[in-house]
Amino acid sequence: MVDMDDVIIEDEQQADEQVEINASPGPRPLSRGSISPSRKTISRTGSGRSSSTRPPTSSGHRYYDVRNDDDEENDDDLSDTGYDTDIEISAPKEEYDTTGRASYIAACKQYDVTPVSYFIRHMQDKELVMKHHGLGGAGTKAVSVSLVSNTKLLKLDLTDNWLCNEGGVAIANMLKENCYITHLNLSENVLGLDAIETLCHVIKESNSTITHLNLSGNKLDEETAIPISNMITSTQKLEWIDLSHNNFDNTAGESLGFAISENTSLKEIDLSWNHFRRKGGVNLCKGVGANIFLKRVDLSWNGLALEGAIALRDAILNNNVLEELIISNNRMNVQGAIEIAKALYQNETLRILDIGNNPIESAGAFGVTAALRGNPASVMESVYFTCIQVGRDFLDLEEETKEVHPKLGVHYSDVESVKEPPPKVDPMEKVRVYVKDNDLRMVDFFNEFDANHNLKVTRDEFIIGIKNTGMEMSDEDLESMIKKLDKDGDSMVNYSELLEK
């Protein structure tokens with residue numbers, strides 16, 4: 001039989017050997033600020049953890065816990081200070097990019113375009129000017145992606161970037177979400193009908209922050225004038241719009257004129273350098289007259305002519321808000337200037353009037369200035385007669401007008417010089433020059449109209465002969481010369497008398 005005491009002793013020996021084998025490795029190097037194991041005592045009460053040894057059993061035997069490889073891995077849960085913790089440490093999370101740079105780079109990869117470093121550096125500025133960067137449609141789509149959540153940018157200038165329809169639609173869709181941009185410049189981008197329709201729809205229905213819009217130089221025509229007119233009619237936020245340097249014609253003038261008359265928010269509108277002629281110009285001017293909010297209107301470089309001037313006369317009379325009117329280069333004649341002057345006799349709001357580069361001549365400038373002189377209530381500060389020469393009488397009128405309006409500035413190109421009559425040349429001197437230039441002798445000259453060759457001619461023969469030579473002589477010169485040559489008063493001119501002179 002096996003002795004139980006021997007078995008117990010053998011088991012204890014094996015346990016001791018196992019403890020030695022699985023003993024924990026030596027302590028790790030202490031980190032800065034950790035506590036030496038020899039100086040700390042850890043008491044764990046009620047922690048639920050089992051101690052390294054169990055109390056002796058009733059039989060007097062001591063049991064030992066033997067740690068396996070998993071226990072070694074648990075040592076890593078201890079902090080650098082030597083303490084373990086129950087707090088779970090999660091992996092660091094990637095922070096959200098509020099600048100939009102990451103989304104822009106990702107969009108550039110998606111649309112296969114090269115990122116614009118200037119945009120990356122300045123995308124958080126309040127005003128971003130990106131003229132002539134050649135973005136194109138795809139590049140503009142990438143920019144639009146990053147601007148959707150941009151809260152810093154207030155003014156965006158994308159002049160001359162060939163946005164076309166693709167880029168224009170992308171900017172319009174961006175404005176559905178971005179409610180911070182107030183100034184938008186899309187000039188010289190060849191925007192098509194799709195881009196204009198989408199942009200106008202967004203401004204009319206979704207976006208309420210755009211106050212300044214520049215669409216100049218986009219070759220816009222009567223088709224694009226329809227959505228623009230609808231937008232102008234409905235918008236309540238747009239204060240400034242530039243539609244200059246486009247291809248709007250008389251048809252567009254009709255729709256735009258109606259839109260201007262219905263708008264209640266615009267303060268300034270620029271329609272210069274278009275093709276508004278007579279009828280189209282008249283409709284525009286009627287719209288300006290019906291609007292009671294506009295303060296500045298630029299209609300220069302169109303073809304308003306006399307019909308437009310008459311419509312402007314009525315507009316100035318009806319509009320009690322307009323402060324600045326630019327109508328230069330509109331083929332207005334003197335009568336057109338007089339029509340404008342009729343309105344200036346009563347207007348009390350206009351501060352700046354530019355009517356230069358029109359064929360109004362000095363008389364038209366005189367009429368406009370005289371109207372200002374006759375209206376003491378006028379607040380006019382500057383009137384421009386660029387490229388117009390004024391007469392001497394205008395200078396006197398200018399002084400009189402400035403006595404009524406001391407702060408008035410009148411600008412004109414030059415003053416017509418007084419034409420002095422050319423100095424009179426002695427008729428006999430003309431004869432001498434003729435004889436010399438034609439290498440003649442005086443007798444040869446006289447024989448040309450002396451039919452009888454008696455060295456004497458009548459008064460009429462002498463006059464006819466002088467005129468046949470081609471010399472420039474007035475009747476007054478001829479009479480004066482004959483009077484000097486006919487000393488004896490016989491109405492005959494003798495060769496000897498001519499030779500003496």
Checking side-chain contact (heavy atoms from CB on, under 4.5 Å) between Leu199 and each of Ile228, Val169, Leu215, which is the one that passes?
Leu215

Parallel, tilted or perpendicular: rings of His245 and Trp273 (30°, 60°)
parallel

Around Asp396, counting heavy atoms of other residues, nucleotides and ligands shown, do more than 12 lie under 6.0 Å from its CG?
yes

Have a look at Thr140 and tell me which of Val113, Val145, Leu163 forms a side-chain contact (heavy atoms from CB on, under 4.5 Å) with it.
Leu163

Are Tyr118 and Met130 packed together at the side-chain level, in the sense that at least one heavy-atom pair is separated by less than 4.5 angstrom?
yes

Assign the ring pair Phe394 / Phe385 to parallel, tilted or perpendicular, where the plane angle (0 to 90°) is split at 30° and 60°.
perpendicular

Donor on one side chain, acceptor on other, Asp160 and His132, under 3.5 Å:
yes

Atom of Arg331, atom of Asn358 and distance for their closest heavy-atom approach:
N-OD1, 3.0 Å

Check whether any side-chain N or O of Asn375 sits under 3.5 Å from a backbone N or O of Asn347 as a donor-acceptor pair, and report yes or no.
yes

Leu271/Leu284 under side-chain contact (heavy atoms from CB on, under 4.5 Å): CA gap, chis, key distance, verdict
CA-CA 9 Å; Leu271 289 165; Leu284 279 178; 3.8 Å; yes

Any salt bridge linking Lys155 with Asp125? Criterion: basic side-chain nitrogen under 4.0 Å from a carboxylate oxygen.
no

Which atoms form the tightest heavy-atom contact between Lys295 and Val321, and what is the distance?
CG-CG1, 3.9 Å

Ignoring hydrogens, what is the shortest heavy-atom contact between Lys267 and Ser265? Give both atom names and the distance.
NZ-O, 3.2 Å

Approximate separation, where rounding is to 0.5 Å, of Ile241 CD1 and Ile210 CD1
11.5 Å

Closest heavy-atom contact between Glu339 and Ala309?
CB-O, 4.2 Å

Between Glu324 and Arg351, is there a side-chain N and carboxylate O pair less than 4.0 Å apart?
no

If I compare all heavy atoms of Asn318 with all of Gly289, which pair ends up nearest, and what's the gap?
CB-O, 3.9 Å

Answer yes or no: is there an ion pair linking Glu399 with Lys402, defined by an N-O contact shorter than 4.0 Å?
no

Could you check whether Thr264 and Gln236, counting side-chain N and O atoms only, form a donor-acceptor pair closer than 3.5 Å?
yes

Say whether Asn230 and Thr233, considering side chains only, have a donor N or O and an acceptor N or O under 3.5 Å apart.
no

Please check if any side-chain donor atom of Thr211 sits under 3.5 Å from a side-chain acceptor atom of Thr182, or the reverse.
no

With no hydrogens and no angle check, is any side-chain donor or acceptor of Asn263 less than 3.5 Å from a backbone partner on Ile260?
no

CD of Glu254: more than 12 outside heavy atoms within 6.0 angstrom?
no

Leu317 versus Gln346: any side-chain heavy-atom pair under 4.5 Å?
yes

What is the ring orientation for Tyr104 with Phe119, classed by angle as parallel under 30°, tilted 30 to 60°, or perpendicular over 60°?
perpendicular

